[in-house]
Enquirer: 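Take this structure first; my questions come after.
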Amino acid sequence: MHGPHRGGVAGWLNEADRAAFVYGEITGYFLTCGLFIARYHDDDDPLRRRLVGAEAWLDAIWRDAPPPTRVYLERDEPDWRNEAVFSFDCAMMLRGLNGIASEGASRTRAAIEAALLDLVAADGTLRSHRTRADGAALPERWSTADGPFQLKTATAILSSPGISAPLRASAEKTARRWLDWYPAHELTGDLHPLLYHLEGLLLWGARRDEWECWRLAAEIFDEIMARQRSDGDLPSALLDERSEPRSDVTAQALRVGTLLVEAGFLPGRRLRRLAGLADALVSYADPRGGLRFRRADAAQRHVNVWCTVFAYQALALFERAGSGAALDERTLDALA
């Protein structure tokens with residue numbers, strides 16, 4: 001990325017390797033994944049330079065009001081996501097700054113924390129979002145309603161050092177609201193946010209030594225894997241076997257499943273099922289590098305950044321299955 005948004009991370013690249021916009025949430029994922037990559041490539045100077053650039057970009061866009069969800073590079077385009085500030089996105093950016101000690105990172109953390117405190121509801125939990133203007137209408141999506149995916153929001157905030165007591169209290173209350181969401185509720189809807197919930201269960205359980213969370217995640221994961229297709233992939237919606245698979249969902253499932261097998265919460269024979277996910281995930285690869293969002297994207301040749309980040313981590317963990325490395329606390333902290 002060049003110009004004023006140098007360092008920002010795109011959501012995806014088009015067939016000409018150009019980005020239409022850069023994305024705060026995905027920049028947070030990139031920073032978090034940088035910690036993961038450093039476990040295996042600690043001498044990667046180009047990566048370090050890119051991480052410094054990403055942190056500087058977050059500092060720049062948070063100097064004023066909360067930035068747009070998507071920052072378009074060549075011209076402003078109508079995008080309903082830019083009508084709101086999302087607590088999940090803020091939490092992923094905050095978590096991405098973990099371990100970065102700089103004046104800019106400290107300034108950005110303070111600005112993100114202020115935005116998150118503005119999202120605390122009357123009951124003390126974090127709302128999924130707030131609109132930037134009164135009366136702004138948003139479409140009905142998983143991201144525009146409170147839901148169990150917010151467990152990952154809360155655990156991301158709680159993993160961040162130096163947060164204020166009010167924000168910590170809100171994140172704790174949010175986490176406890178969603179910890180026992182299942183089995184009181186049916187498993188329906190999109191797999192993407194449901195897998196965020198499982199990631200939150202794993203992160204909370206590991207940090208608090210509440211391993212019942214991992215047993216619960218294993219139970220839900222078995223329900224998900226009951227929908228695995230003959231080609232090894234998963235539908236993108238839990239109750240719709242015809243819904244088109246997505247590489248981010250496949251990567252999330254492989255990542256969660258590998259961690260559960262490693263920790264002994266799923267039988268080791270599940271690795272055969274996970275191998276099907278790994279094979280399916282590789283089939284999304286673009287010849288230029290990176291992963292497509294869907295296989296149909298071969299015609300558009302878009303390469304998706306967050307899918308690539310998730311897939312890199314999932315395949316790295318699966319490759320090392322049996323070594324115990326996946327359960328190292330530093331590895332868990334670096335899961336995007």
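The residues of the chain are indexed from 1 along the displayed sequence.
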Enquirer: Counting distance only, does the side-chain N/O of D286 pair as donor-acceptor with the main-chain N or O of G290 below 3.5 Å?
Expert: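 Not a single qualifying donor-acceptor pair exists.
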
Enquirer: Answer yes or no: is there a side-chain heavy-atom contact under 4.5 Å between T69 and E25?
Expert: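 No - every pair of side-chain heavy atoms lies 4.5 Å or more apart.
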
Enquirer: Under the salt bridge (Lys or Arg N to Asp or Glu O under 4.0 Å) rule, what do R255 and E199 come out as? Steps first, then yes or no, please.
Expert: CA-CA 9 Å; R255 197 165 59 174; E199 291 165 17; 3.1 Å; yes

Enquirer: Verify side chain to side chain contact (heavy atoms under 4.5 Å, CB included) between L179 and C213, making sure each step is shown before the conclusion.
Expert: CA-CA 8 Å; L179 280 169; C213 293; 3.9 Å; yes

Enquirer: Measure up the F310 and H192 rings against each other and bin them: parallel (under 30°), tilted (30 to 60°), perpendicular (over 60°).
Expert: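 F310 and H192: tilted rings.
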
Enquirer: Please determine whether residues I26 and V52 belong to a single hydrophobic cluster, defined as Ile, Leu, Val, Met, Phe, Trp and Tyr linked transitively by side-chain heavy-atom distances below 4.5 Å.
Expert: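 Not linked; separate clusters.
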
Enquirer: Could you go through the salt bridge (Lys or Arg N to Asp or Glu O under 4.0 Å) check for E103 and R107 one step at a time?
Expert: CA-CA 6 Å; E103 182 181 346; R107 186 166 47 232; 3.4 Å; yes

Enquirer: For R273, enumerate each residue passing the salt bridge (charged side-chain N to carboxylate O under 4.0 Å, His left out) test, keeping only those at least two apart in sequence or located in another chain.
Expert: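 Applying salt bridge (charged side-chain N to carboxylate O under 4.0 Å, His left out) to R273 gives none.
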
Enquirer: Measure the CG-OH distance between L194 and Y182 for me, rounded to the nearest 0.5 Å.
Expert: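 Answer rounded to 0.5 Å: 10.0 Å.
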
Enquirer: Please answer whether the main-chain N or O of P148 pairs with a side-chain N or O of H197 as donor and acceptor at a distance below 3.5 Å.
Expert: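 Yes.
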
Enquirer: Side chains of N98 and R95, heavy atoms from C-beta outward: is any pair under 4.5 Å?
Expert: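 With C-beta onward as the side chain, the pair touches.
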
Enquirer: With no hydrogens and no angle check, is any side-chain donor or acceptor of N304 less than 3.5 Å from a backbone partner on L291?
Expert: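 No, the answer is negative, given that no donor and acceptor are paired below the 3.5 Å cut-off.
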
Enquirer: Excluding sequence neighbours, so at least two apart, what forms ring pair (Phe, Tyr, Trp, His ring centres under 6.0 Å) with W62?
Expert: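 W62 satisfies ring pair (Phe, Tyr, Trp, His ring centres under 6.0 Å) with no other residue.
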
Enquirer: Would L335 and L259 satisfy side chain to side chain contact (heavy atoms under 4.5 Å, CB included), going step by step from the backbone distance to the final call?
Expert: CA-CA 11 Å; L335 293 181; L259 290 169; 3.5 Å; yes

Enquirer: Taking the side chain from S247 and the backbone from R294, do they hold a donor-acceptor pair closer than 3.5 Å?
Expert: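 No; zero donor-acceptor contacts below 3.5 Å.
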
Enquirer: Same cluster for V85 and L94 if Ile/Leu/Val/Met/Phe/Trp/Tyr side chains link at under 4.5 Å?
Expert: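 V85 clusters together with L94.
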
Enquirer: Specify whether Y312 and F36 have parallel, tilted or perpendicular ring planes, treating 30° as the upper limit for parallel and 60° as the lower limit for perpendicular.
Expert: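 Perpendicular: the ring planes of Y312 and F36 meet at over 60°.
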
Enquirer: Assess the pair W12 and F293: is the distance between their ring centroids shorter than 6.0 Å?
Expert: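 No - the distance between ring centres of W12 and F293 does not fall below the 6.0 Å cut-off.
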
Enquirer: Has the side chain of R246 got a donor or acceptor atom that lies under 3.5 Å from a matching backbone atom of L191?
Expert: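 Flag not set: sc R246 to bb L191 has no pair under 3.5 Å.
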
Enquirer: Indicate if W142 and I220 have the same hydrophobic cluster label, given that clusters are the connected sets of ILVMFWY residues with side-chain heavy-atom separations under 4.5 angstrom.
Expert: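 Yes, same cluster.
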
Enquirer: For the atom pair CG (L119) and SG (C90), what is the distance rounded to the nearest 0.5 Å?
Expert: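 If we round to the nearest 0.5 Å, L119:CG and C90:SG are 6.5 Å apart.
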
Enquirer: Output yes when a side-chain donor or acceptor of S243 lies under 3.5 Å from a complementary backbone atom of S236, and no otherwise.
Expert: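 Looks like yes, one N/O pair under 3.5 Å.
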
Enquirer: Would you name the heavy atoms of D333 and T32 that are closest together and state the gap between them?
Expert: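 Nearest pair, atom of D333 first, then T32: O-CG2, 4.0 Å.
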
Enquirer: Locate the shortest heavy-atom distance separating A321 from E262; write the atom from each residue and the value.
Expert: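 A321 and E262 have their closest heavy atoms at C-OE1, 3.5 Å.
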
Enquirer: Could you walk me through whether R81 and D89 satisfy the salt bridge (Lys or Arg N to Asp or Glu O under 4.0 Å) test, starting with their C-alpha distance in whole Å, then the side-chain angles of each, then the deciding distance to 0.1 Å, before giving a yes or no?
Expert: CA-CA 11 Å; R81 297 166 189 83; D89 292 16; over 6 Å; no

Enquirer: So do N82 and Y72 actually touch side chain to side chain, heavy atoms under 4.5 Å?
Expert: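 Counting from C-beta outward, Y72 and N82 do come under 4.5 Å.
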
Enquirer: What verdict does the side chain to side chain contact (heavy atoms under 4.5 Å, CB included) test give for V120 and L126, after you've listed the backbone C-alpha separation in whole Å, the side-chain angles of each residue and the deciding distance to 0.1 Å?
Expert: CA-CA 5 Å; V120 176; L126 283 161; 4.1 Å; yes

Enquirer: Using the side-chain contact (heavy atoms from CB on, under 4.5 Å) definition, which of the options L281, L271, V261 pairs with F318?
Expert: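 So, applying the side-chain contact (heavy atoms from CB on, under 4.5 Å) to F318 and each of L281, L271, V261, only L271 qualifies.
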
Enquirer: If you take all heavy atoms of F30 and A54, which pair is closest and at what distance?
Expert: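 Taking F30 first and A54 second, the nearest heavy atoms are CD2-CB, 4.1 Å.
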
Enquirer: Evaluate side chain to side chain contact (heavy atoms under 4.5 Å, CB included) for L31 paired with I100, printing each intermediate quantity in order.
Expert: CA-CA 9 Å; L31 286 166; I100 299 178; 4.1 Å; yes

Enquirer: As an exercise, state the distance from CG of L317 to CG of L332, rounded to the nearest 0.5 Å.
Expert: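 L317 atom CG to L332 atom CG measures 8.5 Å (nearest 0.5 Å).
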
Enquirer: State, to 0.1 Å, how close G200 and T155 come at their nearest heavy-atom pair, and which atoms those are.
Expert: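 Minimum heavy-atom contact is O-CG2, 3.6 Å.
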
Enquirer: Taking all atoms of both residues into account, what is the closest heavy-atom pair of R227 and L238, and its distance?
Expert: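 Scanning both residues completely, I find the closest heavy atoms to be NE-O, 3.3 Å.
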
Enquirer: Please confirm whether R295 makes a cation-pi placement over Y284, using NZ or CZ under 6.0 Å from the six-membered ring centre and within 45° of the ring normal.
Expert: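 Yes, a cation-pi geometry.
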
Enquirer: Taking W80's backbone N and O only, do any of them form a donor-acceptor pair with E83's side chain (distance below 3.5 Å, no angle check)?
Expert: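 Answer holds: no.
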
Enquirer: Classify the ring geometry between Y196 and F88 as parallel (under 30°), tilted (30 to 60°) or perpendicular (over 60°).
Expert: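 Ring orientation of Y196 relative to F88: tilted.
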
Enquirer: Have a look at L234 and tell me which of Q252, M225, R229 forms a side-chain contact (heavy atoms from CB on, under 4.5 Å) with it.
Expert: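 It is M225, the one option of Q252, M225, R229 that forms the side-chain contact (heavy atoms from CB on, under 4.5 Å) with L234.
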
Enquirer: If hydrophobic clusters are built by linking Ile, Leu, Val, Met, Phe, Trp and Tyr wherever their side-chain heavy atoms come under 4.5 Å apart, do W178 and F86 end up in the same one?
Expert: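 Unlinked, W178 and F86 end up in two clusters.
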
Enquirer: From the options V256, V249, L198, select the one residue that forms a side-chain contact (heavy atoms from CB on, under 4.5 Å) with I224.
Expert: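 Checked V256, V249, L198 against I224; only one passes side-chain contact (heavy atoms from CB on, under 4.5 Å): L198.
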
Enquirer: Hey, does the side chain of R127 reach the backbone of S87 with a donor-acceptor pair shorter than 3.5 angstrom?
Expert: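 No, R127 side chain to S87 backbone: no donor-acceptor pair under 3.5 Å.
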
Enquirer: If we count only N and O atoms by modelled type, under 3.5 Å, do the side chains of S159 and R207 hold a donor and an acceptor together?
Expert: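 No, R207 and S159 have no side-chain donor paired with an acceptor closer than 3.5 Å.
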
Enquirer: Return the OG1 to CG distance between T188 and L239, rounded to the nearest 0.5 Å.
Expert: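 So the gap between those two atoms works out to 6.0 Å.
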
Enquirer: Return yes if some donor-acceptor pair links the side-chain N/O of T27 with the main-chain N/O of V9 below 3.5 Å, else return no.
Expert: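 Between the backbone of V9 and the side chain of T27 there is a qualifying donor-acceptor contact (under 3.5 Å).
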
Enquirer: Can you tell me how far CZ of F265 sits from CH2 of W214, rounded to the nearest 0.5 angstrom?
Expert: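 W214 CH2 to F265 CZ: 7.0 Å, rounded to 0.5 Å.
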
Enquirer: Rounded to the nearest 0.5 Å, how far does CD of E223 lie from CD of E219?
Expert: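 Taking CD in E219 and CD in E223, the distance rounds to 7.5 Å.
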
Enquirer: With sequence neighbours left out, write down each residue that passes salt bridge (charged side-chain N to carboxylate O under 4.0 Å, His left out) with R70, or none if nothing qualifies.
Expert: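 R70: salt bridge (charged side-chain N to carboxylate O under 4.0 Å, His left out) contacts with D79.
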
Enquirer: Quick check against the 3.5 Å criterion: does E113 have a side-chain atom that pairs as donor or acceptor with the backbone of L167?
Expert: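 Checking the backbone N and O of L167 against the side chain of E113, no donor-acceptor pair under 3.5 Å is found.
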
Enquirer: Restricting to non-hydrogen atoms, name the atom on L47 and the atom on I37 that form the minimum distance, rounded to 0.1 Å.
Expert: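 For L47 versus I37, the nearest heavy atoms are CD2-CG2, 3.6 Å.
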
Enquirer: Please check if L117 and M93 belong to a single hydrophobic cluster, counting links between Ile, Leu, Val, Met, Phe, Trp and Tyr side chain heavy atoms closer than 4.5 Å.
Expert: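 Yes, L117 and M93 fall within the same hydrophobic cluster.
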
Enquirer: Taking the side chain as C-beta and beyond, is there a heavy-atom pair between S143 and H129 under 4.5 Å?
Expert: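 Result no, sub-4.5 Å side-chain heavy-atom pair not found.
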
